[in-house]
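Worksheet: one structure, shown below.
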Amino acid sequence: MPVDTFITDAMLGTFRNMLQECRDKNLSGDDFNALDAALARMEQLGAEMDDTAAYSGMLVQEGLFIKFSDHYSKLLSSAAEQASANDTGGYDETADCQLLQNTLQAYREAVKNIRTHKAEVKQIMGDHATDADMLFKDQLISNAIEAVINLGESGISYPQFLTQLNEQGLDKALEGSVITRQGLQYSIDAAKATSANPFYVKKEMEKLSLHDGLTDTSVHKIADSLQFQLGCEKIDWTYEPDIRKWNKIKQGWERSVFLLDEWITAYCSFAPHIEPWAAAKDPKEAVTESQDCVPGQLRVWQQINQRYFGMSIQQLFGHPSFNWDVEYHWMHWSQEYLEFLFFQVEPVCQPSQQPDTHLIFIAEKMHKENRKFNPNINLPTKRFASFFDDYFGEGEFAKRYGMPAKPDSNAAVWSNKNLFTGI
Amino acid sequence: MIDYLETYKQYYFVRMKRYEGNTDYTNTFAAEKALFDIINSCKTLEEFKSKMGNANEQIAIALVTDQQQIRLGHYNEINEVIKAESCRRIIEKAKQLNNSTDLISMVNEEQNAVNIAIATDTISPFDDTGYLENIEIWEQAKVPDTYRERFSAYAREQKTKLKNGYSDIENEMNKWKPGWQFDFEKINEERHRRLLPYPDEVILEQKRSTQQILNR
């Protein structure tokens with residue numbers, strides 16, 4: 001079965017148009033034939049292969065995109081050279097006027113294409129078409145191009161046009177309009193609304209600061225795109241190890257909590273009737289396995305984290321990732337239940353040991369009174385919804401995705417985010 | 001009446017001045033200056049046309065060279081050797097070229113090559129320690145003897161999943177680079193090693209355990 005035409009149309013559509021453009025111009029010769037052959041090979045592979053990833057890989061391995069682009073540019077440049085060779089007039093006013101008109105026409109076409117493509121995107125987006133206005137600031141690009149067109153239409157010659165383009169930095173404005181300050185601010189706001197960890201926010205803020213610094217120091221007040229690109233790459237590179245370590249340590253305390261919860265809850269009278277044990281083939285046997293084996297698992301997990309980070313279970317709980325999750329309401333559990341697990345259950349969760357009846361009584365009570373879970377666990381969604389509405393319109397988040405119900409928890413809200421710090 | 005020669009001289013002068021004194025763009029400035037010097041020595045535009053040669057193309061080559069030097073400095077600084085090597089190759093190859101068409105082809109080819117090199121420069125799934133951790137838990141946890149056989153089965157299941165993970169990545173990478181095999185030596189290369197948040201002895205042990213399971 002061939003690769004889906006939806007995929008091949010998206011991948012090859014531009015190349016088909018480019019080839020047709022060459023046919024329309026009656027271009028021919030070796031480069032045209034090679035161009036034709038490269039596209040034919042792309043089409044053939046699409047018809048023969050059925051795996052999209054393998055198809056993409058083969059196109060890259062055979063260098064078909066490169067071959068096509070290579071012969072396309074050679075074909076157009078030899079056509080231009082031919083036209084130039086036929087031009088016996090040299091540098092006269094008519095030729096220069098024509099060059100200027102051709103250039104301006106290309107810019108006019110570009111503005112038209114940008115608007116057409118945006119209109120197409122909006123049509124596809126249907127009810128959410130206004131999002132395109134928020135996400136794609138075409139006006140900034142169009143304004144930059146129109147400034148160039150206005151300059152060209154101001155009655156100056158082609159070399160004067162080119163000179164002023166350089167002097168006024170309008171060519172840089174075209175380049176710079178791709179990087180928008182609003183886009184960077186959007187990324188900061190999205191990172192803050194998510195607040196998954198401190199590094200994502202820091203990264204986005206540093207990118208904006210880099211952009212502003214480059215803008216301030218440039219002659220035409222436009223950030224250099226190469227310096228900005230490499231600067232952003234360095235920022236991502238710098239923070240990536242911190243993000244990975246943060247996530248791994250977070251996994252350390254998260255899994256510890258889940259094991260402690262599994263162990264103490266397995267001793268509750270209702271355990272065989274709730275998840276995960278109720279789903280087992282033999283719920284009672286599964287409950288016994290949790291009672292007998294979780295302490296051994298917890299202690300191996302403790303050794304693993306000790307080896308990784310030199311951190312005990314207590315130290316994992318004291319890590320800033322724990323405080324962060326409390327502060328930004330990502331914590332799944334309530335403060336009172338975590339205090340119970342940490343101070344009372346963890347010390348006795350040892351191989352061959354059982355919790356005393358008092359601990360089992362507390363666990364049953366907290367479960368029955370519905371006090372195990374964070375009553376504010378819906379706040380991250382609310383926070384994100386507020387950010388979303390700021391950009392896309394009041395009530396838009398709820399309209400599209402719905403809002404989470406108020407959490408079914410009778411626990412008190414977290415009052416001490418640094419509960420385990422320094423223990 | 002416009003004096004085209006003078007306005008073109010002014011144009012090339014402005015272009016040259018844009019790079020003057022910019023230490024990142026010394027080659028571009030030199031190439032722009034060479035072109036300006038040519039036009040500045042001409043009495044007519046026809047003379048300029050006949051004298052220009054490939055000076056315009058040399059500017060494109062110089063600009064690519066300077067930009068790749070900037071990239072090279074950046075990748076050297078962060079020790080991204082594959083990307084740095086691609087910059088070095090482009091700079092070297094650009095020296096042999098004298099027209100922009102060949103330059104575009106060469107840069108495109110190099111871009112294609114480095115994209116494949118980056119895509120296949122992976123230590124996945126070694127960087128996901130989940131299977132090894134689960135295996136250790138099932139094999140090492142102190143549990144009553146009655147569970148030993150069951151826990152061994154859990155561990156075997158994780159080992160199978162780990163093997164599948166390596167076989168999946170090799171299948172995927174072979175679509176991009178035929179003959180690709182997971183390379184354990186790559187783990188110690190800085191661009192990969194810096195992303196693993198564990199001490200060296202832990203990495204060494206993870207590597208030994210993985211190789212033992214994969215029988216490599």
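All values below come from the heavy atoms of this structure, side chains included, with hydrogens, waters and symmetry mates left out. All chains are named by letter (A, B, ...) in the order of the sequence lines, taking the proteins before the strands, and each is independently numbered beginning at 1.
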Could you tell me which portion of [X] (side chain, backbone, both or neither) has an atom closer than 4.5 angstrom to a non-hydrogen atom of chain A?
| X | value |
| --- | --- |
| B:E110 | neither |
| B:Q67 | both |
| B:L195 | both |
| B:N174 | backbone |

Exceeds 12 heavy-atom contacts within 6.0 angstrom, atom [atom1] of [X]:
| X | atom1 | answer |
| --- | --- | --- |
| B:K142 | NZ | no |
| A:F65 | CZ | yes |
| A:K203 | NZ | yes |
| B:K207 | NZ | yes |
| A:K284 | NZ | no |
| B:E149 | CD | no |

Carboxylate-amine/guanidinium proximity below 4.0 Å for A:E289 and B:R150: yes
So which residue, [options], ends up with the most heavy-atom pairs under 4.5 Å with chain B?
| options | answer |
| --- | --- |
| A:G296, A:S352, A:A53 | A:G296 |
| A:D70, A:V294, A:D51, A:N166 | A:N166 |
| A:Q164, A:Q303, A:R255 | A:R255 |
| A:K74, A:E233, A:Q160 | A:E233 |
| A:L230, A:L298, A:T238, A:L226 | A:L230 |

So which of [options] has the largest heavy-atom pair count under 4.5 angstrom toward chain A?
| options | answer |
| --- | --- |
| B:S100, B:A119, B:P144 | B:P144 |
| B:Q111, B:R71, B:R15 | B:R71 |
| B:V14, B:V202, B:N112 | B:N112 |

Non-hydrogen contacts under 4.5 angstrom with chain A: give the residues of residues 72-87 of chain B involved, or none if there are none.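 Checking residues 72-87 of chain B against chain A gives B:H74, B:Y75, B:E77, B:I78, B:E80, B:K83.
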State, without any angle test, whether B:Y147 and A:D292 hold a side-chain donor-acceptor pair at a distance under 3.5 Å. yes
For [X] versus [Y], what's the shortest heavy-atom pair and its separation?
| X | Y | answer |
| --- | --- | --- |
| A:Q297 | B:A141 | N-CB, 3.7 Å |
| B:N108 | A:S69 | ND2-CB, 4.2 Å |
| B:T7 | A:P159 | OG1-CG, 3.4 Å |
| A:Q61 | B:W176 | CG-O, 3.1 Å |
| A:R307 | B:P199 | O-CG, 3.6 Å |

Matching residue for A:S157 among B:Y8, B:Y11, B:Y4 - test: side-chain contact (heavy atoms from CB on, under 4.5 Å): B:Y4
Give me the one residue out of B:Q10, B:K17, B:R18 that meets side-chain contact (heavy atoms from CB on, under 4.5 Å) with A:E167. B:Q10
In Å, rounded to the nearest 0.5 Å, how long is the span from [atom1] of [X] to [atom2] of [Y]?
| X | Y | atom1 | atom2 | result |
| --- | --- | --- | --- | --- |
| A:Y308 | B:Q206 | OH | CD | 5.0 Å |
| A:Y55 | B:K175 | OH | NZ | 15.0 Å |
| B:D24 | A:D224 | CG | CG | 9.0 Å |

Donor-acceptor check, side chain of B:R194 to backbone of A:W237, threshold 3.5 angstrom: yes or no?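 Yes, the answer is positive, given that a donor and an acceptor are paired below the 3.5 Å cut-off.
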B:P197 vs A:F309 side-chain heavy atoms within contact, under 4.5 Å: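 Counting from C-beta outward, B:P197 and A:F309 do come under 4.5 Å.
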What part of A:K248 is in contact with chain B, defined as an atom under 4.5 angstrom from a non-hydrogen atom: side chain, backbone, both or neither? side chain
For A:W253, check ring pair (Phe, Tyr, Trp, His ring centres under 6.0 Å) against everything at least two apart and list the hits.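 With neighbours one apart ignored, the set is A:F322.
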